[in-house]
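Note sheet for the following structure.
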Amino acid sequence: MLQALEFALALTRARDEQSLCDWWLAELATRYQASGVLLAMLDVSGRELHCQGRVQGQPVTMVLGADDFAHPLAYVLHKAQS
């Protein structure tokens with residue numbers, strides 16, 4: 001119960017979208033000790049995926065077309081399955 005409460009409070013501490021994204025990426029990297037973490041969010045139009053994260057300690061940013069099915073993330077969005 002305490003972990004869920006701490007998690008919920010942490011979600012409300014971010015004052016803007018970038019702060020929330022930074023916190024979430026750090027949380028995933030810390031908890032799962034992943035060699036890479038990527039967060040993808042649709043832009044307002046729904047046509048682009050704005051991705052950010054870290055791979056092997058290096059920052060990664062990219063913009064992908066949400067309708068370009070050559071990218072696995074776009075497929076997941078449209079089909080709602082992995």
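Residue numbers count from 1 along this sequence.
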Which residues share a side-chain contact (heavy atoms from CB on, under 4.5 Å) with Met41, sequence neighbours left out: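 Partners of Met41 by the side-chain contact (heavy atoms from CB on, under 4.5 Å) criterion, ordered by chain and then number, come out as Glu17, Cys21, Leu39.
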Is there a side-chain contact between [X] and [Y] in this structure, where contact means two heavy atoms from C-beta onward sitting under 4.5 Å apart?
X     : Y     : result
Ser19 : Asp16 : yes
Val37 : Trp24 : no
Leu49 : Val63 : no
Cys51 : Leu64 : yes

Measure the spacing between [atom1] of [X] and [atom2] of [Y] and express it to the nearest 0.5 Å.
X     : Y     : atom1 : atom2 : result
Leu28 : Trp23 : CG    : CH2   : 8.0 Å
Leu20 : Arg13 : CG    : CZ    : 12.5 Å
Gln52 : Leu38 : CD    : CG    : 8.5 Å

Salt bridge (charged side-chain N to carboxylate O under 4.0 Å, His left out) involving Arg31 - partner list, sequence neighbours excluded: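 For Arg31, the residues satisfying salt bridge (charged side-chain N to carboxylate O under 4.0 Å, His left out) (neighbours in sequence not counted) are Glu27.
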Residue pairs involving residues 45-56 (criterion salt bridge (charged side-chain N to carboxylate O under 4.0 Å, His left out); sequence neighbours excluded):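 Qualifying pairs, neighbours excluded: none.
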